[in-house]
Structure formats: structure tokens, C-alpha cells
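The block underneath contains the structure these notes are about, expressed in C-alpha cells.
What's counted below: heavy atoms across the whole structure, side chains too, no hydrogens, waters or symmetry copies. Chain naming here is simple, since letters A, B, ... match the order of the sequence lines and numbering starts at 1 in each.
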Amino acid sequence: MLDKKYNAQEKEQKWKEYWQQENVYKFVPDQREVYSIDTPPPTVNGKIHIGHIFSYSQAEMVARYKRLRGYNVFYPFGFDDNGLPSERLVEKEQGKKAHEIGREAFSKLCYQTTDAYEKEFKELFQSLGVSADWSNAYKTVSPSTIKISQASFLELAKKGYCYHKESPALWCNECLTSIAQAELETKTLKTTFNYVTFTTEEDNEPFTIATTRPELLPAIVSVFVNPKDKKHKHLIGKHARIPVINEVVPIMADEKVDAEKGTGVVMCCTFGDQTDIEWWKKYNLPLRFIFTKDGRIKEDVPNYGGLKIKEARKKVVEDLQAGGYIEKIEELEHEVQTHERCGKEVEYTVMKQWFIDIMNHKEDFLKMGESIQWYPSHMHNRYVEWVKNVAWDWCISRQRYFGVPFPVWYCEECGEPIFANEADLPVNPLVDKPSVKVCPKCGCTHFVPETDVMDTWATSSVTPLINMKYGEEHNYENILKPMSLRTNASEIIRTWDFYTIVKSFYHFGQRPWNNVMISGFVMADKGEKISKSKGNSKMDPVELIKTYSADAVRYWAASGRLGTDITFSEETLLRGKKLINKLWNVSKFIEMHLADYEDKPFTNFEFVDKWVLGSFGQMEQQFMKYADEYEIGLALNLLEKFFWNFCDNYIEIVKHRLYRPEEFGAEARYSGQKTVYTLLYKFLQMFSIYFPFITEEIFQGVYHNHVSIHTTQMVPLTYAFNNETMLGDQMVEIISQARGVKTNHNVSLKTPIRLLSLGVRAELEQAILSAQKDFKATLFIENLQMKQIENAPYEIYTVELNLDENA
RNA sequence: GGGAGUUUAGCUCAGUUGGUAGAGCAUCUGCCUUACAAGCAGGCGGUCAUAGGUUCGAGUCCUAUAGCUCCCACCA
């Protein structure tokens, strides 16, 4: 028996535990076709916000849908506890920097901290009803993951896609590590535009360079103008004297200089921006690197050595002003590239690092992108844009502590990298001995370990390999190559999706998945992205689940179209809550009338039952069409609308027949029972995608013919009562209008109708006649008169109420 | 500057081959109706961002403009 009121808190806890106990979501390979989902391992950095809930719920609903459709769903879960985000979290909690704590102690702290948060994450995702196979959950720093990540590195290095080279790289002097292009975030900052007077060495001719970065004056290696710039082209070939610094550098020509920008004269430094690097390479310019790794000017730079970058900027400007070299200073707002993890402006550095080749295979990556179905399809453009624009090979070295170590040592003499043997993985070169005793190149016997660790994405990009247990004896390589679906939010197309494609291409020469489903963002208010700093407590996931239930939160997460941003809305949560409540109540009603029901083959349905069965079948087809395109939200809209209509119209009509078999006949009652029995089951299945908890509670109370509703299969209805479907809709319209008459008279809906006279087309008359008892009972009609008309389907002539009886 | 999405009722959003504008919330009016008052019935409310175009017919297709959002480039 279902309870009078549904207690979500209590029941959700109960079923969460039950599913764990019964291994409802455990993946066991069998004869069924596998549907595999590459789930994003959330970054374990302390907070799960409403955006996670949104994105994970949508993906999770796909898993449930596919499970219902009979697939053996492979739906793993992982935690990305590896790398810089975790390190930053620990640094914040400890109030100390990693190098102050020490490598080993710091790593230990990272493990402890991420373990604690993971527990919380897991708890929350489970209470949201995420149907992943939790027994199979992975971490991105566990020994098995490190092994796969290192194996991936070795394989790429062996195939020549991964190289060690001294090269310019993006550098964050807050996090003290190099970073990749994909980790950049542009920010608008205020700065000053300084117009600095230079002179030519040859004839002392003054000219002006406008710069936002005067502290780079000591790093100038050349000055460029556009060869077509009439005003400046005579300078080409001469030399420029740098004010204050007193160095002399050549003035050169390059098409890339925009004569309209600034003064049309550009200083090229090592390194101020990407163009500097290009010119440095193109013209083989000298290296004049003046920054230290922690964001200061190198000690050997006269006058400015030891200063922080910003201090140096100030002092250089002061010195320029003192010497009369500043023509003017303008305020300027400009976009700068910052590190997404800390928000600090990035610099450039030159050091030996590991890179993965991107630039030579862009075409292949584009082709891979084309071979994947993107949902919604326009998200493919984002991928294409990124691949076309990416300008650097992927730097995977990070000068940090907590992450996957490179399985590499270097010969102390000649620097030759010594790779670990694959059989020895996972290795930590700081602890483990090199794989050789003698350097094969120079014969030296001393080696130094690689101290860098890998970029987080170097590991996240192999989630398909982790999922397939790559390299292990018992693996899923044959069933997960490629995986069916990748799900994530749009912000990580350029990182997670892109890098995974890169790795899959290098490892297997094929796409990692057949489909990609991209979710949108959560907005706090129209057009206002949720910011971490705002920390809106009314959107705290734990609180929301407590207040509204996990099922209602999921309802909110399902609203709207795929890939479209959503506004956080309590109204939507409330709407979900009402829908859930309705589902509970109608289930109670149906349960009440199934006490004596026995399911057996039956075809002699009443007209109204045929109507609702037929319409359900139509809705179901449409529902599956949406769901097959991952439009889970649109599918829900359709289902919800139909369900509400089912409650307000069909149930209202059939209830009389269910209550009073003596009046309507036992078979007519059975027809109704069979109908509600069939449809409630199907409603529960379809709603189970969205509301896993309450549907399980109802299923166990009413049907309990399976371990769980989540292991049942959705078999589409095959009744095709097309005629009844159409005529039934017209009948309902008449009922609705007749109810309206009662409402307009301010009387109760059970007020009898003394006389209802209708003009109807012949087939509708037939329909009403065959459903006459239901029709009359619903509206409490005492006398029904009909005559045939030709044009419109129907016309209502009189609705005469019997008001005396009511009074 | 390049790429993309979005703009529909006061609010949150649907609207799938072009054919008389939809839902929920809010608001108003009724109704204790043997599942549900967290309900039921009904009302009010929209020149579908703007301007052109194609068409017998455009929220839907095309072009341009504007607002909002995201991604990328631009740091001289």
C-alpha cells in the first residue's frame, strides 16, 4: 500500500541504499548491446555547484533512458583529483605554498584532502540518484590510472607524437608552472598605454612606440614596422636606441605590424606576447629573457633586477619620465590572457618540456570531429573553431608536485631521456631506479629523474582508456572502442573533448566516441552566469535536495533544450514538486482500483480506453524520438503534458466505471483496470528517467515484479487506435466546454446537466454513443440529445443545468 | 575583429518538414468533485527583438540591424 503522503527524504535514502545493495547499476557484460558513456570526472576542488547538478543530471537521464531501452549501459564515474586544482585547494586550506611544505608532505596532504572531498562528492551524486556503476569508480591519481596515463605517454613518445624540447611556453608565475593554451582565460583589465620616445642610432631621429609593458624595455631585441607604412618605412635597416636602457637594436620590417595600431611601431621582446615568439623564431633573434620564474626581473638586469614585474613597470615609467622620454600616457582597457586556475596574468618562459604534437595533425583532428555526431549539432563548430585556431603544441609538463609523474630519467652526461619499461609501470622516477644501468648513447651511469608531473588533462584525456582498462588482461577494449557517448558542458570542448580526440587518434587512429552531448550553463539570472564568488546559498545542491527532493531537482535540470543555458528557477522546482505529487496521487488512486486486478490478455477495450491507449502510443513515439536525440528535456515536456491530460481527463472519465461495476458492467471495469494498469506502468518507466526515487517507490508498491523499475524494459505500445484517438480528443473538447458552463455558473462540477444537446458529425455521434455511459457519467448528464450536422466536428446547442438539485 | 547561440504572455520556457500563437508560475473568478486544495474548472494577458525579402500564407525559411550569452583572436 502506498502511503497517504510521500516522504521524499526518507524514501530517497531508502532506495539509494537499496540500489547499492542490489547492484542495480552494476555493469556486467552479457549478450545485450552495450551503450557506453564517457562521464566527466568532476574536478575535486571542494565545491559541487548547481552547474554540476544540471550537467550530470542530463547525462544521467540518458543512461537511464538507454537502460530502459534494453541496452547494457556502461556508465562509469570518476574523480579528477589530479593536478593543479587539487594543489591549489590544499595550498588554500593550508595557507602555504607547495614548495614551503615540501614535495612528499604536500602530496600526502593532497591525497588526504581529495579523499575527503571525494567522499562528499560521491555522497551528493548518489543522493541525486546518479546511476553510475559506483563499484567501478576511478580516480585520476590512483596507481591504475597513473599506469595508464604513463603508458599513454610512453606509447606516444615511441610513436614520435610526444617530444622533449626547449621551447617557449606559457608560464604562470602564481602557480609556478607552465600551462597549456587551453588553460587560458581572457580577462579585461585596466592598464596604461605609454608612448615612449626612441631615437635612431644612425641620425638621432625620434620616433614613438606605444606600449602597455614598459618593463620589457630591457628585453627588447628588435623594433618592427610595416614595410608599407609610408610614415615609418624609411626607418627599416637602421637601428633604434632604447631609452634609459641604452641598448641598440635593429629596426626590421614585417607585414604583421598594423600601421594603424598604436604608433605603428612595435617593440619585439623576449617575450611579451605570441607575436614576439613568432618573430623570434622567424628572424632568429637573440634571446633576452629577463623574468624569473616567480615573476621578478632577473638579478643581472641593471637597475631593475630583483623587482617584481609590476614594480619594475612603475620604475621604468618613472625613469622614462625623468629622462623626458614619455610623450603621453593613456588609460586603456584591454584583454589579457590569464591562467584559468588562478586568474593571474600569464607570462612566457623558455625551458625544456614535454609537448604533444598538435600542429602537424590538425587536419586529422578536424576529420575526427566530423566523424562524431555532436548534440546539439552546432557545438561541432566550437570544436572546429578551436582546432583551427590552436597555435601551440600541447605542453604537458607541469613544474608541480601532485600529479602523474613522467616515467622518465635523463642521462646526467648527455641528457638523453631514459624511458621506463612498460612492464614496470606505474613508476615514480624520484623513487624508482632507471630502467637501464648505462646510458645507451654515451655510456654514462648516472641519471637524474624527471621532477615535473603531467598536466591534469594528460590524464583526463585518457578516460576512454581508463574505462576500457587499457593494457590490462581483462579489459573492455573490444566493447568500448569507440564508446557510445561523451557528455560534458560546452566550456571543456577545447580541453577534455579535444585532448581525448587527440589521444584516441594517436593511440588507435579512430574516434573515441560516436556521439557527444553538450549541456549549457546555469545562469543566476537572465544573462548572468553563476560565479563562484557569489556563492548563492539558495542554489546549494544539498539544500535544494533537502527542500525539494532529488527528483524535483532533477526535474529542474531536465527543463529546457540541450546545449541551451538555463536560468536557475525555484518556480521550476516547484512545478517539478507538483508533478511528482500528482504522480503519487494518481498512483494511489490506481492502486486502489487494482486490488482485485489480475493481468490477462484482453482486447475488448471501451472507446475511452482505446482513446487514451492510442494517444499514449503516439506520445510515446514522439518521446522516444526526442530522447534518441538526447533531447531529454523536450521529451519530458511532452510526457508531462500528456500525463496531466491523462489525470484531468481520462481518470475523471474512467473513475465512475472503476467505482461502479454494478452500473457499468464488470467487463467495462476490467477494460479500465487494464488500461490504468498498463499506462501507470509505462508512465512509471518513462518518469523513472527523471524521477528515479518516487517511481521506484510506486513500482515496488503497485507492481513489484522486478528487482527494480530501473532494470525493466520499455516496450513501446502497439495499439493503433487512430480513429478513437482523434474522435476521443473531440469528445474531450465537448466535455471541457460543458465543464466551462458549470464554472461560469459558479457551481460545482458535479452539478447535473438536465439537458445537453449537441450537433455532431456522424462518426463523432457514433463515438459518443459507444462511450455514452462514460460520457454521461463524467458530466452528470441526465438527458443527452444529438443530431447530425455536416461541417464542424461538433456544435453545442444547449447545456441546461439542474440547479435546483444542487441548491 | 572572427565563430556560434539566443531574443515568443509580467516571470521561466515549449513551439520538429511554413497553415488561425502554447504550458507552468503570477494575477483574477468560481468549485471541499468518494487520488490529489501542493487540487479542479474557467478568465485576463502576446503587432512572436527590429527592418526588409521569398510565399496564396512566416514565430517557423533568407538578408541586414540591435540587445544578451559563450568561445576564439587582438596585449605594439
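In this structure, A:Leu170 atom CG and B:rC75 atom P are separated by 14 Å, rounded to whole Å. Taking atom CH2 of residue A:Trp496 and atom C1' of nucleotide B:rC71, one finds them 19 Å apart after rounding to whole Å. One interatomic measurement links the two molecules: NZ of A:Lys577 to P of B:rC36, which rounds to 18 Å at whole-angstrom precision. Between the CG atom of A:Asp276 and the P atom of B:rC75 there is a distance of 9 Å, rounded to whole Å. Atoms CD (A:Gln274) and P (B:rC74) sit 6 Å apart, rounded to a whole Å. If you measure from atom CD1 of A:Ile566 to atom C1' of B:rC70, you get 16 Å, rounded to the nearest angstrom. Between the P atom of B:rA37 and the CG atom of A:Asn585 lies a distance of 7 Å, rounded to the nearest Å. The separation between A:Lys588 atom NZ and B:rC36 atom C1' is 7 Å, rounded to whole Å.
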Q) Can you check side-chain hydrogen bond (donor to acceptor under 3.5 Å, both in side chains) on A:Gln737 and A:Tyr794, steps first, answer last? A) CA-CA 12 Å; A:Gln737 287 189 32; A:Tyr794 66 87; 3.0 Å; yes
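In a base pair of the Watson-Crick type (N1 to N3 plus N6-O4 or O6-N4) or a G-U wobble (N1-O2 and O6-N3), with each distance short of 3.5 Å, B:rA21 is matched with no nucleotide. Pairing of B:rG39, defined by two Watson-Crick or G-U wobble distances under 3.5 Å, is identified with B:rC31. B:rC68 is paired with B:rG5 under the Watson-Crick or G-U wobble criterion, all donor-acceptor distances under 3.5 Å. Searching all strands for a Watson-Crick or G-U wobble partner of B:rG46 with both distances below 3.5 Å returns nothing. Pair check for B:rG57 finds none; no Watson-Crick or G-U wobble contact set falls under 3.5 Å. The partner of B:rG52, taking Watson-Crick or G-U wobble pairs whose two distances both stay under 3.5 Å, is B:rC62. Nucleotide B:rA26 is matched to nothing when pairs are restricted to Watson-Crick or G-U wobble geometry with both distances under 3.5 angstrom.
Shown here is A:Glu662, whose CD atom has more than 12 heavy atoms of other residues, nucleotides or ligands within 6.0 Å.
Contact annotation: A:Gln181 reaches the phosphate of B:rA73 (side-chain N/O to OP1 or OP2, under 4.0 Å). Side-chain nitrogen and oxygen atoms of A:Ser736 include at least one within less than 4.0 Å of the OP1 or OP2 phosphate oxygen of B:rG42. The phosphate of B:rC40 (OP1 or OP2) has a side-chain N or O of A:Lys582 nearer than 4.0 angstrom. Look at A:Thr275 and you'll find a side-chain N or O under 4.0 angstrom from OP1 or OP2 of B:rC75.
Side-chain contact of A:Thr208 with A:Glu327: a donor-acceptor pair under 3.5 Å is present, judged by distance alone. When only modelled atom types and interatomic distance are considered, A:Trp392 and A:Gln274 share a side-chain donor-acceptor pair under 3.5 Å. Judged purely by distance below 3.5 Å, without hydrogens or angles, the side chains of A:Gln673 and A:Asp596 pair a donor atom with an acceptor atom. A:Glu640 and A:Tyr690 are not linked by any side-chain donor-acceptor pair at a separation below 3.5 angstrom, with hydrogens and angles left out of the test. Under the 3.5 Å distance criterion, with hydrogens and angles disregarded, no donor-acceptor pair is assigned to the side chains of A:Asp276 and A:Tyr348.
For the salt bridge (charged side-chain N to carboxylate O under 4.0 Å, His left out) criterion with A:Glu215, the lone passing option out of A:Arg313, A:Lys310, A:Lys314 is A:Arg313.
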Atom pairs under 3.5 Å, N or O on each side, protein against nucleotides 26-33 of chain B: can you list them with distances?
from   : atom 1 : to       : atom 2 : distance (Å)
B:rG30 : O2'    : A:Asn746 : OD1    : 3.3
B:rU33 : OP1    : A:Lys750 : NZ     : 3.2

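Contact annotation for A:Gly272: base contact, defined as any heavy-atom pair under 4.0 Å involving a base atom. Using a 4.0 Å heavy-atom criterion, one finds that A:Val265 contacts the sugar-phosphate atoms exclusively. Counting any heavy atom pair closer than 4.0 Å across all strands shown, A:Ile493 reaches no nucleic acid atom. Across all strands, A:Asp258 comes closer than 4.0 Å to base atoms (heavy-atom distances). Residue contacts for A:Phe193: at a heavy-atom cut-off of 4.0 Å it reaches the sugar-phosphate backbone alone, with no base atom in range. Within the 4.0 angstrom heavy-atom criterion, no nucleotide atom of any strand lies near A:Val390.
For the C1' atom pair drawn from B:rC68 and B:rA49, the interatomic distance equals 11 Å after rounding to whole Å. Here the separation of B:rG24 from B:rA9, taken at their P atoms, is 16 Å to the nearest Å. A distance of about 25 Å separates the P atoms of B:rU27 and B:rU33, rounded to the whole Å. Separation of the P atoms belonging to B:rU60 and B:rA51 is 13 Å when rounded to the nearest angstrom. Using atom C1' as the reference point in both B:rA23 and B:rG46, the two lie 14 Å apart (nearest Å). Taking the P atom of each, B:rU47 and B:rC11 are spaced 13 Å apart, rounded to whole Å. Spacing of P atoms, B:rG2 relative to B:rU65, comes out at 10 Å, to the nearest Å. Across B:rG59 and B:rA73, the matching P atoms stand 40 Å from one another, rounded to whole Å.
Remark: A:Asn637, A:Trp644, A:Cys647 in residues 635-647 of chain A come within less than 4.0 Å of RNA chain B through at least one heavy atom.
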Q: For nucleotides 1-6 of chain B, just jot down a letter per nucleotide in 5' to 3' order: B, S or -, based on protein non-hydrogen atoms under 4.0 Å.
A: --SSSS
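At a threshold of 4.0 Å, the pair A:Lys282-A:Asp254 counts as salt-bridged, since one of the basic side-chain nitrogens sits closer than that to a carboxylate oxygen. A salt bridge links A:Glu330 with A:Lys328: the closest approach of a Lys/Arg side-chain nitrogen to an acidic carboxylate oxygen falls below 4.0 angstrom.
Remark: the backbone N or O of A:Gly520 is not paired with any side-chain donor or acceptor of A:Ser490 at under 3.5 angstrom.
Toward the 5' end of RNA chain B, the nearer of the two residues A:Arg739 and A:Ile209, judged by each one's closest nucleotide, is A:Arg739. Both A:Asn649 and A:Glu185 lie close to RNA chain B; mapped to their nearest nucleotides by heavy-atom distance, the more 5′-ward contact belongs to A:Asn649.
When each of B:rG42, B:rA76, B:rC75 is scored by its nearest atom to the side-chain atoms of A:Val266, the top-ranked nucleotide is B:rA76. Of the candidate nucleotides B:rA76, B:rA38, B:rC74, B:rA76 has the atom nearest to the side chain of A:Thr211. Minimum atom distance to the side chain of A:Asp648 is reached by B:rA41, of the listed B:rA41, B:rC75, B:rG15.
Shown here for A:Gly262 and A:Ala210, the closest heavy-atom pair between the two residues is CA-CB, 4.4 Å.
Checked against a 6.0 Å centroid threshold, the rings of A:Tyr383 and A:Phe365 do not count as neighbours.
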